[in-house]
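Beneath this line is the structure, given in structure tokens, with notes to follow.
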Amino acid sequence: MRQDVLLEPRSYTASEVEVGESLRITVVDGQQVPDIVLWAREDAGERLSPTASQLLNGSHLMVPGCVLYSHRASGLARVDACTAGAGVIVGGSCSAPLNYARFGIPDTPNCRSNLLAAGAPYGVEEADVQHIYCPFMTIRRDDDGSYVIDLPEAEPGDYVELAALVDLVVLTSNCPQERTPTNAFNPSRLHLWVGPSDASRPTLDAIVAEAAHA
Amino acid sequence: MPDVTLTAGSAAAISLSPGDALSVRAIVAGQVAELVAHSAADPRERLSTLLTGLAEEAHTLREGMTLWSQEYRPLLRVEELTNDEHDLALEACTPWLGRALGAELVGDCCWTSFRAWLEGEGLPEKWVPYPVGIFKRADERDGRYGLRPGSSRPGDLVRFSAASACTVLVSACPLTRGAADPAAPVIEVTWNEQNS
Ligand SMILES: [Zn+2]
Ligand SMILES: [Zn+2]
């Protein structure tokens, strides 16, 4: 097992996932969304492209079986599971300026700051953390032109799992958003696991028991 | 009033001062134009379609809407539009995506033109922004999500005004083209100085 970490509300982590390995993120308390950035470890130019992923899969949402493609249209990871809701993939995360625009409150915790902090050992800049995969998130594009964020569907134990198609760097922010339905107005815990694709995964009971002892 | 006509796969860069107007007009039906804007003060500050969409609660352009940078500073405003089907979600087209989709590309992809301008500013390709996809449409049909022909009719336009000093790049998209002839003018860009 290469990584087994409980992500407290509003926290973040960096992971390296090699070919033959998988990354699983499990919802611990319910209705929580991770914001994920990834790129090929050997070439940061091979970074996640939401648009290439949507158009080459022929799917607006990253459902199981979809490949997450790079900007240069090569496969980075395969979505092996997503047990709740949709797999939103978008050009940006929550940020302090976005939260200020929407709520008039400066300097709020946000995914952009989390992802920059998680990626600091890799020297990332703001432009490096703008291509985001948000499993469990619910976004609606209404016919009247409006753009609406809804409650996520994930319940405790729901998970998303990615298999690495090349060696990857993955940054994960446990989204701190508390003023929209993104995380049901209540940021909560996620669990992140990286290991061989054929290894057994920790169960929710084991994750919760481990958290209680931490 | 200066103007430039673009063939598919070509682009123009226009520096605007606050109050200046800029119009993007389709010459032929179905043509898409991609537009990005960089702050004159620091080109890393750029029009953010994500922040704009969420701050304005809109997934397309609307009259009166402000187009914001990722730092929530206003760059452009939408003054007039004759067509309300535009895209605020997709990235600029790239040669890799075009090839993977089997498209017959002419000239430079929008991403290639935007990157070339950034290189002149000393910035690497990662700073290429998500563009406003003027007349761009993508949706799910027969169970498959994909790009559709542009929403433009000949003469359709979007007129912007500059809210702050910025450079606007407009590329006539070679991936969603309105004319088979690569030499045909497909997009006209017009600008003027309202306040001078
Ligand atoms: Zn967030
Ligand atoms: Zn294009």
Side-chain angles (χ1 to χ4, degrees), chain A residues 39 44-61 63 66 69-75 88-104 106 112 124-132 139-149 177 180 182, chain B residues 44-46 48-62 65-66 68-74 84-101 103 111 118 123-131 133 136 138-147 175:
Chain A
W39 65 87
E46 291 281 1
R47 52 84 178 163
L48 176 65
S49 166
T51 298
S53 300
Q54 290 172 319
L55 293 176
L56 297 179
N57 286 292
S59 178
H60 182 60
L61 300 168
V63 296
C66 282
Y69 284 98
S70 79
H71 168 63
R72 296 180 193 144
S74 55
V88 167
I89 191 161
V90 289
S93 65
C94 66
S95 66
L98 175 58
N99 289 342
Y100 183 73
R102 299 164 86 193
F103 317 116
R112 185 168 92 179
V124 302
E125 299 180 276
E126 185 259 319
D128 297 308
V129 298
Q130 62 176 332
H131 314 285
I132 311 282
I139 295 182
R140 260 191 5 249
R141 292 149 61 97
D142 286 351
D143 288 342
D144 68 356
S146 23
Y147 193 46
V148 183
I149 294 175
Q177 186 56 263
T180 72
T182 308
Chain B
R44 288 173 299 185
E45 182 163 352
R46 62 219 186 269
S48 166
T49 53
L50 182 102
L51 188 143
T52 296
L54 286 169
E56 301 282 331
E57 297 182 346
H59 63 75
T60 186
L61 298 178
R62 289 168 165 164
M65 178 172 172
T66 298
W68 303 93
S69 77
Q70 84 276 19
E71 303 305 335
Y72 190 46
R73 282 185 278 262
D84 61 7
E85 282 190 275
H86 310 281
D87 176 78
L88 293 177
L90 295 168
E91 291 167 84
C93 68
T94 68
W96 303 284
L97 181 62
R99 274 197 291 275
L101 292 172
W111 178 87
L118 280 172
L123 288 174
E125 65 179 54
K126 68 184 183 186
W127 294 98
V128 171
Y130 283 57
K136 192 188 269 194
D139 58 26
E140 192 165 317
R141 289 183 199 175
D142 303 325
R144 194 166 173 87
Y145 180 80
L147 288 170
L175 186 58

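Each chain gets a letter, A, B and so on, in the order the sequences are listed, and its residues count up from 1. Model, not experiment: these values are computed from the prediction.
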What's the verdict on side-chain hydrogen bond (donor to acceptor under 3.5 Å, both in side chains) for A:S49 and B:E91, showing C-alpha distance, side-chain angles and the deciding distance? CA-CA 8 Å; A:S49 166; B:E91 291 167 84; 2.7 Å; yes
Candidate list A:H131, A:E125, A:R47, test side-chain contact (heavy atoms from CB on, under 4.5 Å), partner B:K126, passing option: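 Looking at A:H131, A:E125, A:R47, the match for B:K126 under the side-chain contact (heavy atoms from CB on, under 4.5 Å) is A:E125.
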Is [X] close to chain A through its backbone or its side chain, or both, or neither, when contacts mean heavy atoms under 4.5 Å?
X	result
B:L88	neither
B:R73	neither
B:Q70	both
B:W68	neither
B:T60	both

With chain A, which of B:A100, B:C93, B:S69, B:S48 has the greatest number of heavy-atom pairs at distances under 4.5 Å?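 Most pairs with chain A among the choices: B:A100.
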Locate the shortest heavy-atom distance separating B:L50 from A:L98; write the atom from each residue and the value.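 In terms of heavy atoms, the two residues are closest at CD2-CD2, 4.4 Å.
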Smallest separation among heavy atoms of A:H71 and B:W96, with atom names: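 Closest heavy-atom pair between A:H71 and B:W96: NE2-CZ3, 3.6 Å.
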Starting from the C-alpha separation in whole Å, work towards a yes-or-no answer on salt bridge (charged side-chain N to carboxylate O under 4.0 Å, His left out) for B:R46 and A:E126. CA-CA 12 Å; B:R46 62 219 186 269; A:E126 185 259 319; 2.9 Å; yes
Got a sec, which residues hit salt bridge (Lys or Arg N to Asp or Glu O under 4.0 Å) with A:R140, two or more places apart in sequence or on another chain?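 If we apply the salt bridge (Lys or Arg N to Asp or Glu O under 4.0 Å) test to A:R140, skipping adjacent residues, the hits are A:D142, A:D150.
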Does the plane of the ring in B:Y72 sit parallel, tilted or perpendicular to the ring in A:Y100? Use 30° and 60° as the thresholds.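 Plane angle over 60°, so perpendicular.
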Shorter than 4.5 Å, heavy atoms on both sides: which option in A:G58, A:S70, A:G92 has the most such pairs with chain B?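 Among the listed options, the one with the most contacts to chain B is A:G58.
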Say you draw a straight line from CG of B:L54 to CZ of A:R102; how long is it, rounded to the nearest 0.5 Å?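 Between B:L54 CG and A:R102 CZ, I get 4.5 Å after rounding to 0.5 Å.
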